[in-house]
Amino acid sequence: MDSRRHSTLTIRTPEGVAFAVPLAGLVTRMLAYCIDLACISVVTGMAGHLLSGMAGLSVDAVRALTVLTYLLISIGYAIALEWFWRGQTLGKRALRIRVMDRDALRLRPSQVILRNLIRAVDMLPVLYAVGGVACLLTRHAQRLGDLAANTVVVRAATLQIPDLSQIHASRFNSLREHAHLAARLRRRVTPELAAVGLEAILRRDSLEPADRLKLFEDLARAMKSLVEFPAESTETLADEHYVRNVLEIVFTR
């Protein structure tokens, strides 16, 4: 058995460039869930207190509404935060882990919704027994919700930058002329996309010319989809130069 089976996810691009992403362990995920559960309990308790004070409601009606409120909050909490915080809840953010697409694509709302709806099955019969066993048996430590949504939970490690001089553009960075768009781009580029772009810059000379062109074409397309700059700022830039300009904005002030 491979000793790295449950520790990393290897993503290989069509150009043959491989990237290893560290997977979150079962204990870390459970601790993050405990933090989330505490947050949900606080919000649910506040909602229950408000419901109990509503005139005209019977005890049974209050109990039923409290249970319904708990279900809505517990599911909606994870769905809303994982979407708006790009795969993180309060617990995941505190433990520095996040949900990402299994193939390193952009996380879609349908994936976030599906993995959280199936959480009810993962929790069976008690204490996340089904989800815990699934994490231990699957290759990339995925619970049933992750398998259905094609997602994994990874450690959001601090990015190590070996040499920032290699991402500085050789010419004037035209993207910086639009400060508000550059600031928006800095917020929207995910750590995973930035890491792939940086690795591509560092390894570019080792790639075959055709593979190098295709890799930077794909990276530039992904980055351009995040923020649209005026045509006069980008139309003369080659894809590799565009990626370099974006990384300069992301990694430097």
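The analysis underlying the following values was restricted to heavy atoms, covering all of them including side chains, and did not include hydrogens, waters or symmetry mates.
- If you chain together hydrophobic residues whose side chains sit under 4.5 Å apart, Val153 and Ile113 fall into the same group.
- A distance-only check finds no donor-acceptor pair linking the side chain of Arg98 to the backbone of Lys92 [under 3.5 Å].
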Worksheet item: Going through the checks in order, is the side-chain contact (heavy atoms from CB on, under 4.5 Å) test met by Leu107 and Met100?
Response: CA-CA 6 Å; Leu107 197 63; Met100 64 174 284; 5.7 Å; no
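- Looking at heavy atoms from C-beta onward, Val130 lies out of side-chain contact with Met123 at the 4.5 angstrom threshold.
- Side-chain N or O atoms of Gln111 include one that pairs as donor or acceptor with a backbone N or O of Ala149 at under 3.5 Å.
- Leu114 and Trp83 fall into different hydrophobic clusters, defined by Ile, Leu, Val, Met, Phe, Trp and Tyr side-chain heavy atoms under 4.5 Å apart, directly or through other members.
- In terms of the salt bridge (Lys or Arg N to Asp or Glu O under 4.0 Å) criterion, Asp60 has no residue partners (sequence neighbours excluded).
- Judged as a salt bridge (Lys or Arg N to Asp or Glu O under 4.0 Å), and not counting sequence neighbours, the contacts of Glu217 are Arg221.
- For Leu50, the CG atom is densely surrounded, since the number of other residues' heavy atoms within 6.0 Å is greater than 12.
- Screening residues 207-227 for ring-ring contact (aromatic ring centres under 6.0 Å, His included) gives no qualifying pairs among residues at least two apart or on separate chains.
- Legend: residues meeting side chain to side chain donor-acceptor pair (under 3.5 Å) with Asp36, ordered by chain and number and at least two apart, are Tyr77, Thr89.
- Heavy-atom contacts from other residues, nucleotides or ligands closer than 6.0 Å to CD of Glu228 number 12 or fewer.
- Applying the side chain to side chain donor-acceptor pair (under 3.5 Å) test to Arg115 and every residue at least two apart in sequence or in another chain returns Glu82, Asp146, Thr151.
- A donor-acceptor contact shorter than 3.5 Å links the side chain of Asp101 to the backbone of Asp103.
- The existence of a salt bridge linking Arg203 and Glu199 is confirmed by a sub-4.0 Å separation between a basic side-chain nitrogen and an acidic carboxylate oxygen.
- Ionic pairing of Glu240 and Arg244 is present here: one or more N-O contacts between side-chain nitrogen and carboxylate oxygen are shorter than 4.0 angstrom.
- In this structure a side-chain-to-backbone donor-acceptor pair under 3.5 Å is missing from Arg155 to Val21.
- A side-chain contact (heavy atoms from CB on, under 4.5 Å) with Leu175 holds for exactly one of Val227, Leu181, Asn245; it is Asn245.
- Side-chain contact check for Arg143 and Tyr128: no donor-acceptor pair (N or O, by modelled atom type) lies under 3.5 Å.
- Checked against side chain to side chain donor-acceptor pair (under 3.5 Å), Ser174 has no partners two or more places apart in sequence or in another chain.
- Enclosure of atom CD in Glu177 by more than 12 non-hydrogen atoms of other residues, nucleotides or ligands within 6.0 angstrom is indicated.
- Grouping the Ile, Leu, Val, Met, Phe, Trp and Tyr side chains by contacts below 4.5 angstrom, directly or via other members, places Leu185 with Leu219.
- Side-chain N or O atoms of Arg204 include one that pairs as donor or acceptor with a backbone N or O of Ile201 at under 3.5 Å.
- Relative to the six-membered ring of Tyr242, Lys224 meets both conditions, a distance below 6.0 Å and an angle of at most 45° to the axis.
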